[in-house]
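Just dropping this structure here.
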Amino acid sequence: MNNKEFKPFIPADKVMPELTVTSILLGLILAVVFGAANAYLGLRVGMTISASIPAAVISMGIIRVIMKRNSILENNMVQTIGSAGESLAAGAIFTIPALFMWANESTKVAAPSFWNIAIISLFGGILGVLFMIPLRNALIVKEHGVLPFPEGTACAEVLLAGEEGGHKTKIVFSGLGIAALYKFITDGIKLFPSEIAWKLKSLKTGFGVDVLPALTGVGYICGLKISSYIFAGGVLGWFVLIPALSLFGLDSIIAPGTAAISEMGADGIWSSYIRYIGAGAVAAGGIFSLIKSLPLIISTFAKAMKGFGKKAESSERTARDIPMIFVLVGSLIIALLIWLVPSIPVPFLGALLIVVFGFFFATVSSRMVGLVGSSNNPISGMIIATLLIVTLILKSAGFSGYEGMAVAICIGTIVSIVTAMAGDTSQDLKTGYIVGATPIKQQIGEIVGAVAAAIAIGGIMFLLNKAWGFGSQELPAPQATLMKLVIEGVMGGTLPWGLIFCGVGIAVVIELLKIPVLPFAVGLYLPIYLSTPIYVGGLIRWFIERKSSKKSEEEKKEAADNGVLYCSGMIAGEGLVGILLAVFAIIPTAKGTLADTINLGLPLGNIGGVIFFALICASILYFSYKKPKNK
């Protein structure tokens, strides 16, 4: 779709309640709730849940149904503020636990305090929003119809379906209800595993599928082309690189692995080796992405600079951003505070690196979520790349030991939160662009949400560490453990640079073949269990479009739109129940937790997973062709 032809749902000349007391208070509550749930969930299992769609659904239920207020822009503002908590938590859990683990290992290292965590998170959250502002026109307006922004588009569909009512609403909430029940059966009572896997002995590798609805929905919204690139990266990793390493059957231990390759399974080889190759490919893809985006970014900055002397009223409501002077001055002030605040052990060089890497990965993250969504944004891969380079620079500048590693992890933490917040802000602004929100109000809402989430995450992480300790069986903190190993590897000279440059080489080949590098690199970095259902969703979208090719344009569009609506509902349903199950996991009972109490122990096994996954795929086809009763 050409962005010049696009008209938002609420016209630019129409003003509706948006940044209200109601939307701010409800949004702040959701920001804290989603931030807390995702922090625990991420530290427990290494994954977080995008909160934009669940927040939008909750907002509609409270504002529209209970309070009888009718403003789609107010609902959109609630999800904008609420989702900030999830994204800030996702950025924080990747790195901060490493500081606690080092404190447990050495009496020379002090564990971070509540205020240390809160201040670092606050600076990262605000920078993430500010860095995204000059990119909005380039990525969201200029590339509308090019970058799908699956979750941002899905969130807009949920809001629009609630506004229009009727048949579309039923499709959305059918998807929501079915996926919610499915998620509860799978990860709640555990009737069958949410991830099914098989060993392929002839290739000495494995194959599997995450059978949950959300990833299939993301693949449907992205379409076959992008989902194919992602799956192709997974195929290279799991059917070429892992078998190649396995067939050598080396008996010696090669760093960063902790066991001989001959003793490892496919998952062990992926975790110890392929993930580093994927991180190198993601980093290289990010560099290519930035180079390609530079002309558009520069022109966007130039246009913004020209607008300094103009009044805000001279532009349309739907085109107003926070003025560039505030973006530049605000970014400068935060960079200086990072350097000057005594509780943050970051020197001037570190503050400079944060600005450089923060803006770079804010750009990459914004494009990434446009391709594969926030839930599948490979933030950890970008942070690995950041920590590799930053730690090398700090080491060459004379930093060493725990002091140097603490500086590196603080820089990585702020860049991680910047990256997560920029991606979330992009999705929210995409939703706002579709429904006709005011960008400057959304950007203010993101900052408000970041402040609340930063305070909450400080308390949550401090208390979780005090209760169980990071790196324990209860809170393994998988990403933070990996980041800790990366920094120790660079400082100690044990990092496998060969694997990193293998990933860079693969990215160069993909770029020369004129294939989009980032989605391919994402597939290489992620386990194939995640890229497979995305590809299945893309295949379903292709099948529906192919089957509808002989029908009228109206019928073809209706089938595709119905599928997007249903998949949007599925993403929302899984997200809502994911948050609920995170709460169950911390409610104590006689058997441990409420989650343990309702656990049936996977009686149906992999066969049950295959059957139910087939049913969820069939449901997408059914609701895509479902006609309203009055037609």
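All residue numbers refer to positions in the sequence shown, counting from 1.
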Taking only residues two or more places apart in sequence, or in another chain, which ones meet L224 in a side-chain contact (heavy atoms from CB on, under 4.5 Å)?
->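 Here the qualifying residues are S227, S228, Y535, L539, W542.
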With F192, which residues qualify under ring-ring contact (aromatic ring centres under 6.0 Å, His included), at least two apart?
->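 For F192, the residues satisfying ring-ring contact (aromatic ring centres under 6.0 Å, His included) (neighbours in sequence not counted) are Y182, F612.
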In this structure, are over 12 heavy atoms from other groups packed under 6.0 Å from Y625 atom OH?
->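 Counting other residues, nucleotides and ligands, OH of Y625 exceeds 12 neighbours.
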Please tell me if the side chains of L245 and I274 come closer than 4.5 Å, counting only heavy atoms from C-beta onward.
-> yes
Mind checking side-chain hydrogen bond (donor to acceptor under 3.5 Å, both in side chains) for S83 and listing every partner two or more places apart, or none if nothing turns up?
->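 Here the qualifying residues are D424, D428.
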Verify the ring-centre separation between Y220 and Y566: is it less than 6.0 angstrom?
->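 No - the distance between ring centres of Y566 and Y220 does not fall below the 6.0 Å cut-off.
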Counterpart residues, side-chain contact (heavy atoms from CB on, under 4.5 Å), relative to A232 (two or more places apart) | F520
Roughly how far apart are S194 OG and D187 CG, rounded to 0.5 Å?
->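 Between atom OG of S194 and atom CG of D187 there are 4.0 Å.
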Taking S365 for the side chain and A422 for the main chain, is one N or O donor matched with an acceptor at less than 3.5 Å?
-> no
Going through the checks in order, is the side chain to side chain contact (heavy atoms under 4.5 Å, CB included) test met by C222 and I534?
-> CA-CA 9 Å; C222 285; I534 293 176; 5.7 Å; no
Residue list, ring-ring contact (aromatic ring centres under 6.0 Å, His included) with F613, at least two apart or on another chain | none
Take I620 and M570 through the side chain to side chain contact (heavy atoms under 4.5 Å, CB included) test and state the conclusion after the steps.
-> CA-CA 10 Å; I620 299 176; M570 288 203 307; 3.7 Å; yes
Would you please say whether a donor-acceptor pair under 3.5 Å links the side chains of S59 and Q79?
-> no
Which pairs, with at least one residue in residues 524-538 and sequence neighbours excluded, count as a salt bridge (Lys or Arg N to Asp or Glu O under 4.0 Å)?
->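 Pairs touching residues 524-538 that pass the test: none.
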Is L524 close to V282 at the side-chain level, that is, under 4.5 Å between some pair of heavy atoms?
->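 A side-chain contact under 4.5 Å is absent here.
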4.5 Å side-chain heavy-atom contact, T153 and P150 | no
Option among L602, I185, T186 that satisfies the side chain to side chain contact (heavy atoms under 4.5 Å, CB included) test with L191 |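 Answer to the side chain to side chain contact (heavy atoms under 4.5 Å, CB included) test with L191 among L602, I185, T186: I185.
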Taking the side chain as every heavy atom from C-beta outward, state whether I434 and F9 have any pair of such atoms under 4.5 Å apart.
->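 Not touching, per the 4.5 Å side-chain cut-off.
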Who passes side-chain contact (heavy atoms from CB on, under 4.5 Å) against T425, sequence neighbours left out?
->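 By the side-chain contact (heavy atoms from CB on, under 4.5 Å) rule, T425 matches V129, M132, L429, E446.
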Quick one: ring-ring contact (aromatic ring centres under 6.0 Å, His included) partners of Y229, sequence neighbours excluded?
->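 Y229 satisfies ring-ring contact (aromatic ring centres under 6.0 Å, His included) with no other residue.
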Does the side chain of I611 come within less than 4.5 Å of L604's, by heavy atoms?
-> no
Residue pairs, two or more places apart or on separate chains, that pass salt bridge (Lys or Arg N to Asp or Glu O under 4.0 Å) and touch residues 215-231 |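 Sorted pair list comes back empty.
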Taking atom CD1 of I607 as the centre, report whether more than 12 heavy atoms of other residues, nucleotides or ligands fall under 6.0 Å from it.
-> no
Would you mind reporting whether I226 and I230 have side-chain heavy atoms less than 4.5 Å apart?
-> yes
Between the side chain of S416 and the main-chain N/O of G91, is any donor-acceptor distance below 3.5 Å?
-> yes
Sequence neighbours excluded, every pair satisfying side-chain hydrogen bond (donor to acceptor under 3.5 Å, both in side chains) that has a member inside residues 597-612 |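 Output for this query lists T589-T597.
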Salt bridge (Lys or Arg N to Asp or Glu O under 4.0 Å) partners of R541, counting only residues at least two apart =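 Per chain and number, R541 pairs via salt bridge (Lys or Arg N to Asp or Glu O under 4.0 Å) with E545.
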Minimum side-chain heavy-atom gap F173-L176 below 4.5 Å |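 Yes, at least one pair of side-chain atoms sits under 4.5 Å.
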Answer whether the closest heavy-atom distance between the side chains of Y529 and D267 falls below 4.5 Å.
-> yes
Residue list, side-chain contact (heavy atoms from CB on, under 4.5 Å) with T205, at least two apart or on another chain =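 Listed in chain order: L200, L203, W238, F239, I242, P243, A266.
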